[in-house]
Amino acid sequence: MGSSKFPLRYGIILLTFVCTFVCYIERVGFSIAYTIAADAADINQTSKGMILSTFYYGYACSQVPGGWAAQKIGGRLVLLFSFVLWSLTCALVPLDPNRVTVLVIARLLVGVAQGFIFPSIHTVLAQWVPPHERSRSVSLTTSGMYFGAAAGMLVLPSLVKFKGPQSVFVAEAALGASWSLLWLKYSSDPLRSEHPKATAAGFGESLLPIKGSQKTKVENGGHSIRTPKIPWKKIILSLPVWAIVVNNFTFHYALYVLMNWLPTYFELGLQLSLQEMGSSKMMPYFNMFLFSNIGGVIADHLVTRRILSITRTRKLLNTVGFMVASFALIVLPYFRTSGGVVFCSSIALGFLALGRAGFAVNHMDIAPRYAGIVMGVSNTAGTLAGIVGVDLTGRLLEAAKTAQLDLTSPDSWKAVFLIPGMLCIFSSFIFLLFSTGERVFD
């Protein structure tokens, strides 16, 4: 994987893409398999909701610890550990909807394990990827999420139909184990860069954790190596960090509301069957995959050709993405055909993905050494947004029913899509005011 024609960092980026692809197949796969098994066992909706949401509580709790572990131990090893842990859990836990305690513990464990993944990925990419390649590298890596979600929704229902719900767990465990073996064989920490500007640019071996052998050299009179302390207070009080956090919250609020409630809007709001829609319902996720990579290529082109500074590039793409998405979200409930809703949701999710070339890459701009930690902080907000948004949407719809509004009426759904739409506008202004592409943390 490491030749002059194919640099090793490209292999690392490709493996991180496959990593996020497999992770989202697991998330979608559990939802599909458990829902079918629970319906067959006549499990009530409250119990189903508890099991489905348990993952996110574990996921939220491990984001910041994941960033800390990646900083101290190294993102490469933490990433491998997390994949092995959730893969073993999928392989060993039986999918029995009546064994609620077992499933709660299993989903918490998978959530905690996967919570280490994105902070570790950002730590690895900060070590390997030079600044002028960061936008498209992060965009390609994160686009694996959307490609995995789309692939899972298309393929896994058929697997359940022919092999049963437990087969999804087996397939996910096999995918996780296969990726772990590939990562173990082909990944490595970056060698000491021969480029004299690597350290100043914020990538390379200088960002790796200090190893015991290096400390021994210092003790024996060798050159001085200072183990950096994590500037927690500076991170928490940093306005550029909060600009990232706010936009991460908004992105995931909109994403999780659409992922979880758009099928309900099709079936109850438009009286359409998802089965009759075929593959068209997956277009929003394919659009996210495309726009995520388009945003990365545009951003790196603007930076490399010095058309815009890093700061202006991040602000431009973030603002365009979130403002267009806000308009699409606000007008979505007024579309009364499947084609119109698919088009509108595709625009919303596609431009949200485009906006990731702004806020989602900014971790490595402002804090290359602490990218995993900043990612952990912002992704905690993103996970909490999913919990809040999905629950609040259910309450809004229940309130509409209590007010004797028909769920087929656009009025019942206005607030559902208006909230993420307005959050997009608010977040884009916060990013314009407080974000920067300059290095803030040494």
Side-chain angles (χ1 to χ4, degrees), residues 60 63 118 122 135 138-139 142 145-146 235-261 284 287-288 291-292 295-296 298-299 310-332 344-345 347-367 371 374-393 396 414-438 440:
Q63 293 291 319
F118 282 95
H122 275 69
S135 297
V138 173
S139 296
T142 56
M145 301 186 300
Y146 321 129
I235 289 173
I236 297 302
L237 297 178
S238 171
L239 289 177
V241 170
W242 278 103
I244 296 171
V245 169
V246 169
N247 280 266
N248 204 329
F249 180 93
T250 295
F251 174 86
H252 284 95
Y253 187 103
L255 175 62
Y256 287 134
V257 165
L258 287 173
M259 282 182 67
N260 287 277
W261 289 104
N287 216 39
M288 290 191 85
F291 273 68
S292 179
I298 292 173
I310 295 177
T311 298
R312 290 183 177 181
T313 298
R314 301 285 180 250
K315 290 184 177 184
L316 172 66
L317 288 167
N318 198 85
T319 303
V320 170
F322 275 57
M323 293 301 287
V324 174
S326 71
F327 176 76
L329 286 165
I330 292 170
V331 302
L332 193 149
C344 204
S345 57
I347 293 296
L349 289 178
F351 275 87
L352 279 172
L354 183 79
R356 287 187 69 92
F359 80 90
V361 190
N362 204 215
H363 307 85
M364 294 191 293
D365 296 326
I366 67 172
V374 178
M375 179 62 187
V377 172
S378 70
N379 224 28
T380 299
T383 307
L384 293 175
I387 297 171
V388 171
V390 172
D391 180 68
L392 178 59
T393 298
L396 289 172
K414 282 181 180 178
V416 170
F417 299 112
L418 178 64
I419 291 173
M422 296 305 294
L423 281 174
C424 283
I425 296 173
F426 172 74
S427 299
S428 64
F429 278 109
I430 292 295
F431 199 80
L432 277 173
L433 289 173
F434 300 118
S435 69
T436 178
E438 303 302 318
V440 177

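Fair warning: this is a prediction, and the values are worked out from it, not measured in the lab. Throughout, numbering of the chain's residues begins at 1 and tracks the sequence.
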Approximate separation, where rounding is to 0.5 Å, of N379 CG and F249 CZ: 13.0 Å
From CG (L432) to CE (M323), nearest 0.5 Å: 9.0 Å
Qualifying salt bridge (Lys or Arg N to Asp or Glu O under 4.0 Å) pairs, either residue in residues 244-253, two or more places apart: none
Side-chain donor or acceptor of N247 paired with backbone N/O of A243 under 3.5 Å: yes
Gap between atom OH of Y253 and atom CG of L258 - 0.5 Å precision: 10.5 Å
Minimum-distance pair of heavy atoms, taken over all atoms of H363 and I244: NE2-CG2, 3.3 Å
Residue pair V246, F426: steps toward the side-chain contact (heavy atoms from CB on, under 4.5 Å) verdict: CA-CA 9 Å; V246 169; F426 172 74; 4.1 Å; yes
Parallel, tilted or perpendicular: rings of F322 and F359 (30°, 60°): perpendicular
Closest heavy-atom pair and its distance - I347, N287: N-ND2, 4.1 Å
T142 to S292 - nearest heavy-atom pair and separation: OG1-OG, 3.7 Å
Reported CZ-to-OG1 distance for the pair F429 and T319, which is rounded to 0.5 angstrom: 8.5 Å
Those residues that, when tested against F417, pass ring pair (Phe, Tyr, Trp, His ring centres under 6.0 Å) (two or more places apart): Y265
Nearest-0.5 Å distance, CG of residue L316 to OG1 of residue T311: 12.5 Å
Matching residue for V257 among V416, L392, I419 - test: side-chain contact (heavy atoms from CB on, under 4.5 Å): V416
Considering all heavy atoms, the nearest A360-V138 contact: O-CG1, 4.1 Å
side-chain hydrogen bond (donor to acceptor under 3.5 Å, both in side chains) against N248, all qualifying residues, sequence neighbours excluded: H252, S378
For T313, side chain to side chain contact (heavy atoms under 4.5 Å, CB included) partners two or more places apart: A299, L302, V303, L308, L317
S238 (side chain) donor-acceptor with I235 (main chain) under 3.5 angstrom: no
Heavy-atom pair of closest approach, residues A254 and L352: CB-CD1, 3.7 Å
With sequence neighbours excluded, residues passing ring pair (Phe, Tyr, Trp, His ring centres under 6.0 Å) with F431: none
Side chain to side chain donor-acceptor pair (under 3.5 Å) partners of residues 415-438, not counting sequence neighbours, each pair once: T250-S427
Where V374 and A367 come nearest, the two heavy atoms and their spacing: CG2-CB, 4.0 Å
Beyond-backbone contact of I330 with M422, side-chain heavy atoms, under 4.5 angstrom: yes
